[in-house]
Amino acid sequence: GISSVLKQRPSIATGSGTTVDKKSFFKALRFALASKSSALRISSLRTSRYLICDSTDIEAMIFSFVPTFVAKSLERPESHTYERIQSLKLIRHVINVDAAIMPIQMTKS
């Protein structure tokens, strides 16, 4: 799947032939995670999960303050079930990759 492709490439190729490192990509995802659109937030959480392949990716996510948006997603009302599910899947994935550097704000609000 996409995870195995991302493991082989530390950066993401764009259509114009340039590359973007994952830290920059996580920074760009912050805007989508702060969106009013629930569908956009859900897709961004899923994309964040797919981007994480090793500890350096988790560190890039932490550096970009994505865990803060994950915590906000978990605090949303019950009507946002799919967003909360994607947040929990992201948390579970981070734990599976490297639980030692799991950001505390993702689980504690």
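Scope of the values below: all heavy atoms of this structure, side chains included, with no hydrogens, waters or symmetry mates.
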Do [X] and [Y] have side chains that approach each other closer than 4.5 Å (heavy atoms only, starting at C-beta)?
X	Y	result
Glu75	Arg84	no
Phe63	Lys27	yes
Ile52	Phe26	yes
Leu29	Ser64	no
Val70	Ile91	yes

I need the [X] [atom1] to [Y] [atom2] distance, nearest 0.5 Å.
X	Y	atom1	atom2	value
Ser37	Glu83	OG	CD	9.5 Å
Met61	Ile101	CE	CD1	8.0 Å
His80	Ser38	NE2	OG	5.5 Å
Gln86	Leu88	CD	CG	9.5 Å
Ser48	Phe25	OG	CZ	8.5 Å
Arg92	Leu90	CZ	CG	10.5 Å

Under 3.5 Å, side chain of [X] to main-chain N/O of [Y], donor-acceptor pair present?
X	Y	result
Arg41	Ser35	yes
Asp57	Ala60	no
Ser43	Leu40	no

- Message: Hydrophobic clusters here meaning ILVMFWY residues chained together by side-chain heavy-atom distances under 4.5 Å, can you tell me if Leu51 and Val94 are in one?
- Response: yes

- Message: If hydrophobic clusters are built from ILVMFWY residues whose side chains come within less than 4.5 Å, do Leu45 and Ile85 share one?
- Response: no

- Item | Distance-minimising heavy-atom pair for Gln105 and Thr68 | CG-N, 4.3 Å

